[in-house]
K.L.:
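Have a look at the structure that comes next, please.
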2 protein chains.
Amino acid sequence: MVIDINLSTPLRVGRQEAPSIPQPSLARLPQYHHYLVDLAAKGITQTTCSVIGRDLGLIPVQVRKDLQHTGIIGRPKTGYSVAELIQAIETFLGWNNINEAFLVGAGNLGTALLGHERFSKFGLRIVAAFDRDPAKEGQWIHEKAVLPLEELADLAQRMSIHLGIITTPPEAAQAVADEMVKGGIQAIWNFAPVKLKVPEHIIVHNEDLYSTLATLSWKLARRFRVSLKEKEAV
Amino acid sequence: MVIDINLSTPLRVGRQEAPSIPQPSLARLPQYHHYLVDLAAKGITQTTCSVIGRDLGLIPVQVRKDLQHTGIIGRPKTGYSVAELIQAIETFLGWNNINEAFLVGAGNLGTALLGHERFSKFGLRIVAAFDRDPAKEGQWIHEKAVLPLEELADLAQRMSIHLGIITTPPEAAQAVADEMVKGGIQAIWNFAPVKLKVPEHIIVHNEDLYSTLATLSWKLARRFRVSLKEKEAV
DNA sequence: GTAGACTCGATCCATGGTTATCGATATAAA
DNA sequence: TTTATATCGATAACCATGGATCGAGTCTAC
């Protein structure tokens, strides 16, 4: 039996999402990136996994594995070139190509994201905002126009926008997601604490602040339970 | 050989942080909570893991396992009482007790969090904001006073604030964290994309928007690479 | 009252990410 | 030039989480 291992025809058998990099590694890459940019600003041109690990609270092996996914190759004893490493991460993450995005929900959080200039350095450009509230319609927030929600689908299609950001209250999120899908948007960054129902091929990522909050408050509560118990024991 | 399995003396040998619940389960609990509150609002009083799983995109076994951590007990065939379940989650997460918090960095994101009333339902009350910028000092944002950073440590101690939220630019975050530690704050919710150096016993949780952004842009970039390749193949 | 179907709870297995180990290699010092 | 050391890259063991299975119990329908 001959097995075809021709790499130009990827094995995509059945599953359409071959991750090829663990999600946690992917999530750590921006941290390396931040750190490396800092290093570069200090004029440091070479670094090693050991140093990175020490500064970021990770073990060297993990750093090495994560970075290997970007395709970078290091040299024994020397380590990596900082510049090359930054370049490799940016290319790998697609931060060189701009992703244009629509944002829906011009409330507190939406406004904050619209004003976050730093995103532009990481390949994200929010080009317009949408809101159901007629009072907000026609306003400009951080130099971005606020448009009525009805225009989203059409505009997204004509401008070939691929990314949608949802910062509405949870009740409205599903309807907004439907509009986005209608407009041909490929990926949704969802800040509303609901599970969105979308077609299979749409990429959805939830940024659930309440998840973090839950972890924090659970840990705090447990800490106080424990210290209370210790007090009782005394 | 007799092994003492007295549960009143937990095994905490060495490690001081016995999670006792997987982190992913913990992160899912708020989703169940949101969902259950919705159900309750619709007047539904009983539900099962199968139904929850169907609506939240999880398999029943996982739901059951997650919920078991809260101490709830269900009944065969019937499932769980929605009200009891909500109660169990809230108690487990410590959402019944209010956590008072200080927020530092009254920029776009900080302002948004200050105005997020919904947090109060989940045990979080931001009682004051701090900023290094003298222009902001003395202002009120969403009914919260903006105070100079120098007063943080003293005030935190006197008001026995346990939670700090950092929404400053990355350069300032470490200094702020130091102040918080000085003020006796126990846990830090860090929105700045830096690794904070704090004493061992401080709980830190990073809310790194760039991690999510990285995942999204990588997936988008990969999708377009793939579709490009398919086009070439044609 | 009894049979059947459904769900809980517990145990077991599989998958995947993290950590440890080992050989290879390049730099630096002798 | 040679030797020692630090680091990379790869392989292998380990552990946590996710998923599957099975017995037990309860409600419904007949």
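Below, chains carry the letters A, B, ... as their sequence lines are ordered, and counting in each starts from 1.
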K.L.:
Select one nucleotide: of dC8(C), dG9(D), dA26(C), the one nearest the side-chain heavy atoms of Tyr80(B).
P.N.:
dC8(C)
K.L.:
Start at the 5' end of DNA chain C and walk down; is the nucleotide closest to Gly74(B) or to Pro24(A) reached first?
P.N.:
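Comparing both residues, the 5'-ward one is Gly74(B).
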K.L.:
Between dA5(C), dT27(C), dT18(C), spot the one nearest the side chain of Thr78(A), thanks.
P.N.:
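The listed nucleotide nearest to Thr78(A)'s side chain is dT27(C).
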K.L.:
Could you work out which one of dT17(D), dA10(D), dC8(C) sits closest to the side chain of Gln68(A)?
P.N.:
dA10(D)
K.L.:
May I ask you to evaluate whether Arg64(B) reaches the phosphate of dC8(C), defined as a side-chain N or O under 4.0 Å from OP1 or OP2?
P.N.:
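Yes, such a contact exists.
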K.L.:
In whole angstroms, how far is the C1' atom of dA6(D) from the NZ atom of Lys77(A)?
P.N.:
4 Å
K.L.:
Give a yes or no on whether a donor-acceptor pair under 3.5 Å exists between the nucleobase atoms of dG19(D), that is its base, and the side chain of Lys65(B).
P.N.:
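Indeed, a donor on one side and an acceptor on the other fall under 3.5 Å apart.
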K.L.:
Ignoring hydrogens and angles, tell me if any N or O in the side chain of Thr167(B) forms a donor-acceptor pair with the backbone of Ala192(B) under 3.5 Å.
P.N.:
no
K.L.:
Just verifying a value: how many Å separate Leu58(B) CG and Ile52(B) CD1, rounded to the nearest 0.5 Å?
P.N.:
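These two atoms lie 9.5 Å from each other.
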K.L.:
Would you kindly give the CG-to-P distance between Asp66(B) and dG18(D), to the nearest whole Å?
P.N.:
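It works out to 7 Å between those atoms.
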K.L.:
If I take atom CZ in residue Arg28(B) and atom P in nucleotide dA16(D), what distance separates them, rounded to the nearest angstrom?
P.N.:
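Value for this atom pair: 16 Å.
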K.L.:
Have a look at Thr91(A) and tell me which of Asn97(A), Asn96(A), Ile72(A) forms a side chain to side chain contact (heavy atoms under 4.5 Å, CB included) with it.
P.N.:
Asn96(A)
K.L.:
What parts of residues 30-63 of chain B reach DNA chain C, counting only heavy atoms under 4.0 Å away?
P.N.:
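Heavy-atom contacts with DNA chain C come from Thr48(B), Cys49(B), Ser50(B).
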K.L.:
Do Thr215(B) and Gln23(A) have a side chain donor and acceptor closer than 3.5 Å?
P.N.:
yes
